[in-house]
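Notes to accompany the following structure.
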Amino acid sequence: MTPITLVEGRRIALSNLDKVLYPETGFTKGEVLHYYATVAGPLLAHVHDRPVSFLRYPDGPGGQLFFTKNPPPGTPDWVRTTPVPRSEDQSAEQVVVDGLAALMWAANLVVEFHTPQWPAGHPARADRMVLDLDPGPPATVVECCAAALWLRERLAADGLHACAKTSGSKGMHLAVPLEPTPSERVSAYAKRLAQEAERDLPGLVVHRMAKALRPGKVFVDHSQNAAAKTTAAPYTLRARARPTVSAPVSWEEVAACRAAADLVFLADDIAPRLARDGDLFAALTEPGRAGRLPAVRGAAA
């Protein structure tokens, strides 16, 4: 029998709780649900009022993976959705995870949570900027940290505050809270930053995706600021061999990183980190922390 739980007055069927989703560590679906219940506060703050896309991996990272923006079949009528018109479907909608009940319903599907840089109802008007630092082997997150420190200083020179998190895979994400700004303009600014980083750190950074350019260097991916793109949400589990988390980190941890293992965090690591440090990504949701982009020649106003 599938257990039924009551969350915020909503009945949710939780299935296959003993199923091992991460064979390398024995982490089960029940533990996945427990993890999301534990980090619900900060996770919900960061996906608040944003259309959510899901990377589903119901049989674990070694099984079938599929990415969906549309509400999954069987989505309860109490789960909020929001219009997100697309060129191929002007009536398209996406889920908004707006509370613990919706979070646990979604987590039961076994998903990564991905969000755009803009809130529901304001497509292509971003209130954050993201830079995805992706190391080309043999580079690791250690090299990402060096690039991140340069980018942090460069952003600060423009009056912008950057937060850092692991991607939950091999790289890092930097996020910047912004006053609402057209995505086209944010993209232009992010590309300029990546180009400047490559000029100042030619042995470390590239700003183009071409594989031939990337071995041993950090690709500063500015493309995720395009309105149609999404990024793994803070605190989401990732579909990797182990239950790694896209975990916010302090700048002290970034500066101290000497080995890739220094910035690998599993589900069981996150509650103690939150108890000790609080939400290291809190600036993304705090009033008054949003910055204004400087003008970029040729960008939309």
Side-chain angles (χ1 to χ4, degrees), residues 39 41-53 82 84 94 96-98 113-133 147-167 172-197 220-236 246-254 274 277-301:
V39 302
L43 191 156
L44 288 169
H46 291 297
V47 302
H48 173 72
D49 203 30
R50 291 180 191 275
V52 174
S53 302
T82 187
V84 184
Q94 289 181 228
V96 176
V97 178
D98 60 358
F113 295 92
H114 293 248
T115 57
Q117 315 319 325
W118 43 266
H122 302 278
R125 194 157 183 84
D127 60 0
R128 62 184 58 170
M129 179 179 71
V130 170
L131 296 170
D132 181 358
L133 311 186
L149 291 167
W150 185 96
L151 288 162
R152 181 197 187 197
E153 289 191 11
R154 177 64 188 82
L155 287 160
D158 280 344
L160 300 173
H161 178 84
C163 296
K165 67 181 177 74
T166 68
S167 68
M172 294 183 67
H173 298 151
L174 302 188
V176 178
L178 298 176
E179 296 179 0
T181 305
S183 294
E184 181 182 353
R185 187 176 166 212
V186 179
S187 294
Y189 175 80
K191 181 177 181 179
R192 188 182 76 183
L193 277 184
Q195 291 170 331
E196 288 185 19
V220 178
D221 185 357
H222 49 85
S223 70
Q224 291 186 29
N225 296 288
K229 295 293 188 72
T230 62
T231 305
Y235 301 104
T236 187
S246 185
V249 293
S250 70
W251 284 107
E252 290 76 16
E253 289 175 307
V254 174
L274 285 168
D277 302 323
D279 179 12
L280 293 169
F281 238 52
L284 271 293
T285 62
E286 291 174 354
R289 300 301 293 268
R292 178 176 299 178
L293 286 189
V296 178
R297 185 175 302 173

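The shown structure was predicted, so the numbers you read here are calculated from the model rather than taken from an experiment.
For H114, the ring pair (Phe, Tyr, Trp, His ring centres under 6.0 Å) partners two or more places apart in sequence, or in a different chain, are F67.
In this structure, L280 CG and E252 CD are separated by 9.0 Å, a value rounded to the nearest 0.5 Å. Atoms OG and CE, from S246 and M172 in turn, are 10.0 Å apart once rounded to the nearest 0.5 Å. Separating the CG atom in L44 from the CG atom in D49 is a distance of 12.5 Å, to the nearest 0.5 Å.
Considering all non-hydrogen atoms of both residues, W251 and A162 come closest at NE1-O, 3.0 Å. Here the shortest heavy-atom pairing between A226 and S187 reads N-OG, 3.4 Å. When all heavy atoms of R289 and P177 are compared, the pair lying nearest together is O-CG, 3.5 Å. Closest approach of A232 and K165 over heavy atoms only: O-NZ, 2.9 Å. Pairing each heavy atom of A45 with each of T285, the nearest pair is O-CG2, 3.6 Å. The two atoms that bring M129 and A190 nearest to each other are SD-CB, 3.9 Å, heavy atoms only.
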(Q) Does H122 form a side-chain hydrogen bond (donor to acceptor under 3.5 Å, both in side chains) with D127? I'd like the steps, not just the answer. (A) CA-CA 10 Å; H122 302 278; D127 60 0; over 6 Å; no
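Judged by distance alone, with hydrogens and angles left aside, the side-chain atoms of T166 form a donor-acceptor pair with the main-chain N or O of A247 at under 3.5 Å. Between the side chain of W150 and the backbone N or O of A197, no donor-acceptor pair lies under 3.5 Å. Between the side chain of R154 and the backbone N or O of E196, no donor-acceptor pair lies under 3.5 Å. Side-chain atoms of R128 do not come within 3.5 Å of backbone N or O of W118 as any donor-acceptor pair.
Proximity of T230 to T115: side-chain heavy atoms (C-beta onward) are nowhere separated by under 4.5 Å. Put simply, the side chain of P294 reaches to within 4.5 Å of the side chain of R192, judged on heavy atoms. Side-chain atoms of L43 and V97, non-hydrogen and from C-beta on, never get closer than 4.5 Å to each other. Side-chain atoms of R125 and P182, non-hydrogen and from C-beta on, do get closer than 4.5 Å to each other. Put simply, the side chain of P248 does not reach to within 4.5 Å of the side chain of C163, judged on heavy atoms. In this structure the side chain of L274 reaches within 4.5 angstrom of the side chain of P42, judged on heavy atoms. Side-chain contact between V254 and R152: absent, with no pair of heavy atoms (C-beta onward) separated by less than 4.5 Å.
In summary, of the residues considered (L155, V220, L174, L160), a side chain to side chain contact (heavy atoms under 4.5 Å, CB included) with L193 occurs for L155 alone. Partner of D132 under the side chain to side chain donor-acceptor pair (under 3.5 Å) criterion, chosen from H222, Q224, K229: Q224. Here the options are T231, T181, V186, the test is side chain to side chain contact (heavy atoms under 4.5 Å, CB included), and the partner is N225; only V186 passes.
The closest side-chain donor-acceptor pair between D279 and Y235 falls under 3.5 angstrom.
No more than 12 heavy atoms of other residues, nucleotides or ligands lie within 6.0 Å of NE2 in H48, so this atom counts as exposed by the packing criterion. The number of heavy-atom neighbours closer than 6.0 Å to CD of E153, taken from other residues, nucleotides and ligands shown, is 12 or below.
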